[in-house]
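Structure, as structure tokens:
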2 protein chains.
Amino acid sequence: MSTIDDVAKLAGLSKSTVSRVINSYPHVSEAKRQRVLAAMQQLAYVPNSAAQSLRRQRTGLIAVFVPRLMNPFFSQLLQSMELAASERDYQLIVCQTMYSQEKELKYAELLRRKQVDGIVMTSIQNEWQAIAPYVRYGPIVLCNEFDDAAEVPMIRLNQEYGGYIAGKHLLAMGHTRIACCSGGTRSQVAFHREQGLRKALQEHSLFLPDTYIFRDAYSIEDGIRVFAQIKDMKIRPTAVFSGGDEVAAGIIAGAKQHGCRVPEDLAVIGFDDQKITVLMEPNISTVRQPIGLMAQQTIALMAEKIESRQYTQREVYEYPLELIVRESTCVSVLPTKEK
Amino acid sequence: MSTIDDVAKLAGLSKSTVSRVINSYPHVSEAKRQRVLAAMQQLAYVPNSAAQSLRRQRTGLIAVFVPRLMNPFFSQLLQSMELAASERDYQLIVCQTMYSQEKELKYAELLRRKQVDGIVMTSIQNEWQAIAPYVRYGPIVLCNEFDDAAEVPMIRLNQEYGGYIAGKHLLAMGHTRIACCSGGTRSQVAFHREQGLRKALQEHSLFLPDTYIFRDAYSIEDGIRVFAQIKDMKIRPTAVFSGGDEVAAGIIAGAKQHGCRVPEDLAVIGFDDQKITVLMEPNISTVRQPIGLMAQQTIALMAEKIESRQYTQREVYEYPLELIVRESTCVSVLPTKEK
DNA sequence: CTGTTAGCGCCTTCAG
DNA sequence: CTGAAGGCGCTAACAG
């Protein structure tokens with residue numbers, strides 16, 4: 001492995017000049033620039049990145065926290081972030097918290113050790129109080145998940161509005177017994193969606209009974225489990241709002257297995273507008289999130305924070321949400337409702 | 001940010017002793033060890049990782065090349081690798097090649113710059129000849145994709161066998177006109193699967209006509225496109241072997257849109273055993289790959305190669321593949337076949 | 001425009 | 001068992 005010294009020696013110049021060429025500084029005579037370039041070429045030289053990191057006090061790495069990649073929402077988010085990061089010559093380190101507080105804190109150490117220049121959190125497992133101390137070591141940008149106590153920049157969606165339009169849609173379809181099913185209990189995203197749904201219900205003088213609330217639902221399997229619970233209820237809901245298309249798909253799969261028709265016997269609406277929504281029978285109504293846009297903005301914002309070194313201020317950027325109506329909520333004749 | 005010097009000063013000891021404590025060397029008296037530990041605690045000291053990397057000549061980072069994350073096969077592979085890496089205190093850098101040769105080569109530079117200790121390639125875009133020069137800079141381990149010219153360790157599956165058992169199954173169901181649909185043309189994985197299918201056909205004195213071969217099929221949309229092409233054929237195949245469940249799902253979705261029944265009019269078999277196989281109607285028959293196992297072994301192998309510094313030898317590890325028969329290929333009565 | 005010098009923070013011989 | 005010293009490879013003042 002050749003070093004900057006080898007290049008300098010071969011070119012008959014000093015390290016500084018070579019360094020200036022590497023970093024394309026202005027004041028280098030064209031002749032010497034060429035000599036350096038030739039030497040670099042000849043030695044197949046590339047700067048050692050650990051040395052650069054140590055010297056510059058920045059690594060060009062960003063850690064991205066996700067709960068787990070198999071959730072398509074997060075893999076899509078990460079895919080888009082990686083694309084945006086790659087354009088700016090940042091590399092992304094994947095950190096799966098697996099919904100664990102310990103793992104999240106362990107990964108947060110990356111920032112303290114200066115292994116990464118910043119952290120993007122797409123989900124939050126700990127109380128903000130536990131995360132807050134890390135902001136002094138570098139920028140933390142929130143994307144998707146958020147926290148009222150967080151004094152950091154965040155990119156988010158109006159989840160309450162999302163829950164609200166989904167709820168209004170179900171109500172417009174004539175439903176009065178609507179269930180709600182969401183991810184983690186600590187998640188503000190889930191909480192706000194639920195609030196939105198409640199608000200919609202309230203406008204119709206309805207409410208969300210505790211028995212109609214299902215938590216910790218993330219996957220297809222969870223959806224199947226949720227349906228099994230619904231099935232056994234004396235008074236079943238006629239519609240379910242689910243905080244994820246996978247869960248919605250699971251509910252539908254469960255329903256079909258038990259001869260329960262969707263949407264006639266049970267309407268289901270998801271969230272995210274994943275591919276699966278149009279493959280299922282019936283197609284799944286959902287709320288579309290601008291994932292690519294959020295991801296791009298997050299990386300742009302992070303790059304700016306890293307470069308400006310100003311990042312301890314709360315800034316909120318919001319993007320629009322869109323209701324997508326498909327078959328899983330649309331039936332002309334609603335099932336008879338016995339009280 | 002406190003440094004090792006600050007700790008040494010506060011503890012009234014030398015940097016070397018502190019360093020020995022950090023790296024848990026044996027010969028340090030318990031008393032001094034405690035003093036160092038106390039000082040570290042008090043200063044909330046953590047070693048700077050850039051400095052460690054520069055000194056130790058290793059970063060604890062592994063780059064993982066995938067084509068794109070939205071393909072669930074690769075996000076699942078990455079999820080499992082991240083879990084395995086995290087156990088060993090390695091971090092993973094995501095590198096999406098987006099099927100581009102240029103991006104792949106650009107990411108390969110990470111190894112030359114010593115930004116990562118090794119590279120795991122789950123897909124290969126360039127000729128091996130273009131990748132080979134990089135092995136002198138650090139270990140490259142192949143996982144899933146492979147190349148006959150590659151003198152490196154690799155974890156792979158017997159893709160030919162996979163194509164073979166899928167083909168045999170379709171033949172056993174009475175099909176004689178079988179189409180094949182796969183990803184990239186440079187992919188050995190795709191090539192071997194096709195060979196396996198051809199071998200199965202040959203055993204029945206059948207063959208695979210060029211018109212029944214569809215390349216560059218990766219996604220649901222590609223599957224829909226493939227069906228559109230099949231639909232317009234004078235002599236349609238009665239079965240399709242697809243090198244991915246997403247593509248299979250797309251074919252089925254396309255078929256259903258056009259009133260073509262699966263499996264009666266067209267049998268479809270996928271590959272991977274993704275979640276989607278059991279959500280579709282009909283359920284999709286497929287070939288299951290031991291993704292988690294492959295991922296774990298890959299990281300274990302990579303860690304070993306990094307630590308032993310021996311990695312320029314060809315080693316092949318193979319894992320078993322399993323046929324999963326579901327509804328998309330099973331019908332008692334096959335459609336009448338007109339010649 | 002170019003070279004000299006001094007570290008970035010850590011690990012690791014080498015003496016003691 | 002402990003400390004001193006050198007250097008990993010690079011950048012950034014500071015002179016000239």
Side-chain angles (χ1 to χ4, degrees), chain A residues 1-37 39-40 43-61 109-117 137-138 307 309, chain B residues 1-37 39-40 43-60 109-117 137-138 309:
Chain A
M1 282 294 27
S2 48
T3 75
I4 198 172
D5 264 313
D6 301 331
V7 176
K9 217 156 290 173
L10 182 60
L13 294 165
S14 76
K15 296 198 300 181
S16 347
T17 305
V18 177
S19 174
R20 287 185 186 104
V21 173
I22 293 169
N23 300 288
S24 41
Y25 268 50
H27 307 300
V28 178
S29 75
E30 190 52 26
K32 311 221 159 157
R33 225 177 71 78
Q34 290 307 333
R35 258 161 67 195
V36 171
L37 254 23
M40 280 171 49
L43 295 170
Y45 167 82
V46 276
N48 175 303
S49 80
Q52 287 183 319
S53 296
L54 178 57
R55 187 60 239 240
R56 300 186 180 148
Q57 306 281 41
R58 55 182 295 283
T59 61
L61 296 173
E109 290 292 315
L110 290 176
L111 191 55
R112 202 148 77 92
R113 308 179 67 121
K114 298 278 168 215
Q115 178 134 17
V116 299
D117 295 337
Y137 302 113
E307 281 143 35
R309 290 151 195 278
Chain B
M1 283 292 30
S2 49
T3 74
I4 197 172
D5 263 313
D6 301 330
V7 177
K9 218 155 289 172
L10 181 61
L13 293 166
S14 74
K15 297 197 299 180
S16 340
T17 305
V18 178
S19 175
R20 288 187 185 103
V21 173
I22 293 170
N23 300 286
S24 42
Y25 268 51
H27 306 300
V28 177
S29 74
E30 190 53 25
K32 311 220 160 160
R33 225 177 71 78
Q34 290 307 334
R35 258 163 63 197
V36 170
L37 255 22
M40 280 172 49
L43 295 170
Y45 167 82
V46 276
N48 175 303
S49 81
Q52 286 183 319
S53 296
L54 178 58
R55 185 60 238 237
R56 302 209 253 241
Q57 305 281 40
R58 55 181 295 285
T59 60
E109 290 292 316
L110 290 176
L111 191 55
R112 203 148 76 94
R113 308 180 65 123
K114 298 275 167 219
Q115 178 134 19
V116 299
D117 295 337
Y137 301 113
R309 291 152 193 278

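Remember, it's a predicted structure, so these values are computed and weren't measured experimentally. Each chain gets a letter, A, B and so on, in the order its sequence line appears, and its residues count up from 1.
To the nearest 0.5 Å, atom CG of residue B:Leu110 and atom CD of residue B:Gln115 are 5.5 Å apart. The distance from atom CZ of B:Arg113 to atom OG of A:Ser49, rounded to the nearest 0.5 Å, is 6.5 Å. The CD atom of A:Gln52 sits 11.5 Å away from the OG1 atom of A:Thr59 when rounded to the nearest 0.5 Å. For the atom pair CG (B:Leu37) and NZ (B:Lys32), the distance works out to 15.0 Å, reported to the nearest 0.5 Å. Residue A:Lys9 holds its NZ atom at 9.5 Å from NZ of A:Lys15, rounded to the nearest 0.5 Å.
Five base pairs at each end of the helix from C:dC1-D:dG16 to C:dG16-D:dC1 define two local axes, and these are offset by 40° (rounded to 10°).
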Under 4.0 Å protein heavy-atom contacts per nucleotide of nucleotides 10-16 of chain C, with B for base, S for backbone only and - for none: BBBB---
Side chains of residues 16-23 of chain A: which donor-acceptor pairs under 3.5 Å do they make with residues two or more places apart or in other chains?
unit_1: A:Ser16; atom_1: OG; unit_2: A:Ser14; atom_2: OG; d: 3.3
unit_1: A:Thr17; atom_1: OG1; unit_2: A:Ser14; atom_2: OG; d: 3.3
unit_1: A:Ser19; atom_1: OG; unit_2: A:Asn23; atom_2: ND2; d: 3.4
unit_1: A:Asn23; atom_1: OD1; unit_2: A:Arg56; atom_2: NH2; d: 2.9
unit_1: A:Asn23; atom_1: ND2; unit_2: A:Ser19; atom_2: O; d: 2.8

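Rounded to a whole Å, the NZ atom of B:Lys114 is 13 Å from the C1' atom of D:dC8. Look at CZ on A:Arg58: it is 14 Å from C1' on D:dC10, rounded to the nearest Å. Atom C1' of nucleotide C:dG9 and atom NZ of B:Lys9 are separated by 13 Å, given to the nearest angstrom. One interatomic measurement links the two molecules: CD of A:Gln57 to P of D:dT11, which rounds to 13 Å at whole-angstrom precision.
Checking D:dG9, D:dT2, C:dT2 against the side-chain heavy atoms of A:Leu54 singles out D:dG9 as nearest.
Using a distance-only test at 3.5 Å, with no hydrogens or angles considered, a donor-acceptor pair links the side chain of B:Arg112 to the main chain of A:Ala44.
A pairwise comparison of heavy atoms in A:Val36 and A:Leu13 identifies CG2-CD1, 3.6 Å as the closest pair.
Considering only side-chain N and O atoms, A:Thr17 lies nowhere under 4.0 angstrom from the phosphate OP1 or OP2 of C:dC1.
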